[in-house]
Protein chains: 2
Amino acid sequence: MKTEEIRRSLVEKGLKVTPQRIAVLEAVTILNNHPSADHIIEYIRKTHPNVSTATVYKVLDALAENGLIKRVKTERDIMRYDAILDKHHHLYCSESDRIEDYSDEQLDQMLEDYFRRKDIPGFSIEDVKLQIIGKFRQT
Amino acid sequence: MKTEEIRRSLVEKGLKVTPQRIAVLEAVTILNNHPSADHIIEYIRKTHPNVSTATVYKVLDALAENGLIKRVKTERDIMRYDAILDKHHHLYCSESDRIEDYSDEQLDQMLEDYFRRKDIPGFSIEDVKLQIIGKFRQT
DNA sequence: AAACAAAAGAGAATGATTCTCTTTTAATAA
DNA sequence: TTATTAAAAGAGAATCATTCTCTTTTGTTT
Ligand SMILES: [Mn+2]
Ligand SMILES: [Mn+2]
Ligand SMILES: [Zn+2]
Ligand SMILES: [Zn+2]
């Protein structure tokens with residue numbers, strides 16, 4: 001995502017264009033391994049040494065609220081972030097913090113079909129998330 | 001789960017039988033709405049006023065490590081616990097902290113079949129968890 | 001250029017959980 | 001039954017990701 005594109009997407013959402021927001025959105029895009037706030041702060045500070053921790057959290061919130069990034073839940077007490085907005089699932093490593101993307105339209109289709117037919121009494125489904133936990137082979 | 005049964009299951013796992021462990025395991029069983037550590041502490045203190053917070057956390061860890069209870073992850077920064085050990089999924093309310101059990105053998109079978117056929121390159125699956133998010137109708 | 005709401009910065013606060021250290025206790029052996 | 005001892009409990013401090021509060025700065029609009 002080029003800087004110009006980032007500017008445009010911020011304006012589009014009615015968000016003020018600030019260097020901090022640009023930097024954070026760039027960081028999440030470039031650090032494409034579902035970075036944590038800490039990762040993002042570390043990365044950003046190389047070029048913007050004075051960015052405050054609180055600002056990064058506030059920016060991440062604003063971006064997530066406005067659908068410019070997604071939050072990725074983990075087993076730990078640490079939120080991770082994702083610049084990929086298309087529907088996809090995640091492969092979680094059971095022995096490290098690695099999280100990889102997993103897109104599978106056939107699977108999504110199957111689940112959608114299944115839950116369209118199958119009614120859960122007293123409950124209306126909004127979203128079905130899959131956490132696929134396992135081990136990555138070799139590197 | 002009767003107290004005697006609890007004693008037996010602790011012994012079976014090689015865990016010392018302590019009043020605190022019995023109380024916590026009883027609490028998780030009786031508070032059958034996937035209680036948090038806080039809920040459990042509150043409940044236990046009615047009859048065991050001197051139980052320490054740290055002890056409850058340590059007991060919950062020990063019970064979970066030994067498969068006597070299960071951890072239930074939430075969207076929040078709060079762990080919940082489950083005395084039901086059979087395979088089941090959870091329905092998460094998108095507007096409250098309510099979590100209900102959802103068992104669906106047909107679904108499990110479908111997913112198992114799917115992932116037995118479908119290989120994810122470089123990844124070996126250990127577990128597939130489903131988070132079903134939505135709204136409970138009426139109460 | 002001025003005005004102003006929104007955003008950033010600094011640092012304290014929060015809160016679930018973990019840690020450290022001391023005391024107690026359940027299990028086992030004598 | 002009593003003594004031994006490793007494991008567990010208790011108390012309270014520490015941790016640490018995240019949030020909050022308050023002040024200062026800045027992006028956007030006139
Ligand atoms: Mn925490
Ligand atoms: Mn927290
Ligand atoms: Zn992703
Ligand atoms: Zn359950």
Side-chain angles (χ1 to χ4, degrees), chain A residues 3-4 6-25 27-28 34-45 47-66 68-69 71-81 97, chain B residues 3-4 6-25 27-28 34-45 47-66 68-69 71-81 97:
Chain A
T3 303
E4 258 327 298
I6 288 176
R7 299 192 98 82
R8 240 178 289 120
S9 59
L10 288 171
V11 170
E12 207 167 87
K13 296 293 181 180
L15 295 171
K16 282 191 187 175
V17 179
T18 67
Q20 294 85 347
R21 284 176 172 168
I22 294 171
V24 169
L25 192 39
V28 179
H34 308 91
S36 62
D38 238 34
H39 276 127
I40 294 162
I41 290 166
E42 192 190 347
Y43 179 83
I44 284 183
R45 291 227 170 113
T47 49
H48 301 71
N50 304 319
V51 176
S52 156
T53 302
T55 297
V56 172
Y57 278 101
K58 281 182 284 196
V59 167
L60 287 168
D61 258 21
L63 297 178
E65 276 333 296
N66 286 278
L68 296 175
I69 61 176
R71 286 186 247 257
V72 178
K73 299 280 154 43
T74 65
E75 301 292 287
R76 314 276 199 85
D77 186 11
I78 298 174
M79 185 68 70
R80 310 263 298 254
Y81 299 88
D97 291 333
Chain B
T3 304
E4 256 328 299
I6 288 176
R7 298 192 99 81
R8 239 179 290 122
S9 60
L10 288 170
V11 170
E12 208 167 85
K13 296 293 183 181
L15 295 171
K16 281 192 187 174
V17 178
T18 67
Q20 294 85 348
R21 283 175 173 170
I22 293 171
V24 169
L25 191 39
V28 180
H34 308 90
S36 63
D38 238 34
H39 276 127
I40 293 162
I41 291 165
E42 193 190 345
Y43 179 84
I44 284 183
R45 291 226 170 115
T47 49
H48 301 72
N50 304 318
V51 176
S52 155
T53 302
T55 297
V56 171
Y57 278 101
K58 280 183 285 197
V59 167
L60 287 167
D61 259 20
L63 297 178
E65 276 333 298
N66 286 278
L68 296 177
I69 60 176
R71 286 186 247 257
V72 178
K73 299 281 154 42
T74 67
E75 300 292 289
R76 316 275 199 84
D77 186 10
I78 298 176
M79 186 69 71
R80 310 262 301 252
Y81 299 88
D97 291 331

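FYI, side chains are in, hydrogens and waters are out, and symmetry mates aren't considered; it's all heavy atoms of this structure. These numbers come from a predicted model, not from an experiment.
When every heavy atom of A:I40 is checked against every heavy atom of A:A27, the shortest pair comes out as CG2-CB, 4.0 Å. Nearest heavy atom pair, residue B:Q20 against residue B:V51, reads CG-CG2, 4.3 Å. The two atoms that bring A:S9 and A:L25 nearest to each other are OG-CD2, 4.2 Å, heavy atoms only.
The side chain of B:Y57 places an N or O atom within less than 4.0 Å of a non-bridging phosphate oxygen (OP1 or OP2) of C:dT17. Checking the phosphate oxygens (OP1, OP2) of D:dG10, a side-chain nitrogen or oxygen of B:T55 falls inside 4.0 Å. Contact check, A:Q20 against C:dG9: a side-chain N or O comes under 4.0 Å of OP1 or OP2. Proximity of A:T18 to the phosphate of C:dA7: no side-chain N or O atom is located under 4.0 Å from OP1 or OP2.
When distances are taken from the side chain of B:A54 to each of C:dA8, D:dG10, C:dC19, the shortest belongs to C:dC19. Listed nucleotides: D:dT28, D:dA9, C:dT25. Nearest to the side chain of B:K16: C:dT25.
In this entry the distance linking CG of B:N50 with C1' of C:dT23 reads 14 Å, nearest Å. The NE2 atom of A:H48 sits 15 Å away from the C1' atom of D:dT26 (whole-angstrom rounding). For the pair A:R80 CZ and D:dA17 C1', the computed distance is 14 Å after rounding to whole Å. Put simply, CZ on B:R21 is 5 Å from P on D:dA9, counting in whole angstrom units. Atom CD1 in A:I41 sits about 12 Å away from atom P in C:dA10, given to the nearest Å. The CZ atom of A:R76 sits 11 Å away from the P atom of D:dA17 (whole-angstrom rounding). Put simply, CD1 on A:I78 is 10 Å from P on D:dC16, counting in whole angstrom units. Protein atom CD1 of B:I22 is 11 Å distant from nucleotide atom P of D:dA9, rounded to whole Å.
Heavy-atom distances to DNA chain C give each of B:K58 and B:M79 a nearest nucleotide, and the one nearer the 5′ end belongs to B:M79. DNA chain C is contacted by both B:D61 and B:V11; B:D61 maps to the nucleotide lying nearer its 5′ end (nearest heavy atom per residue).
Counted within 6.0 Å of CD on B:E75, heavy atoms from surrounding residues, nucleotides or ligands total more than 12; the atom is thus considered enclosed. Heavy-atom neighbours of A:E12 CD from other residues, nucleotides or ligands within 6.0 Å: at or below the threshold of 12.
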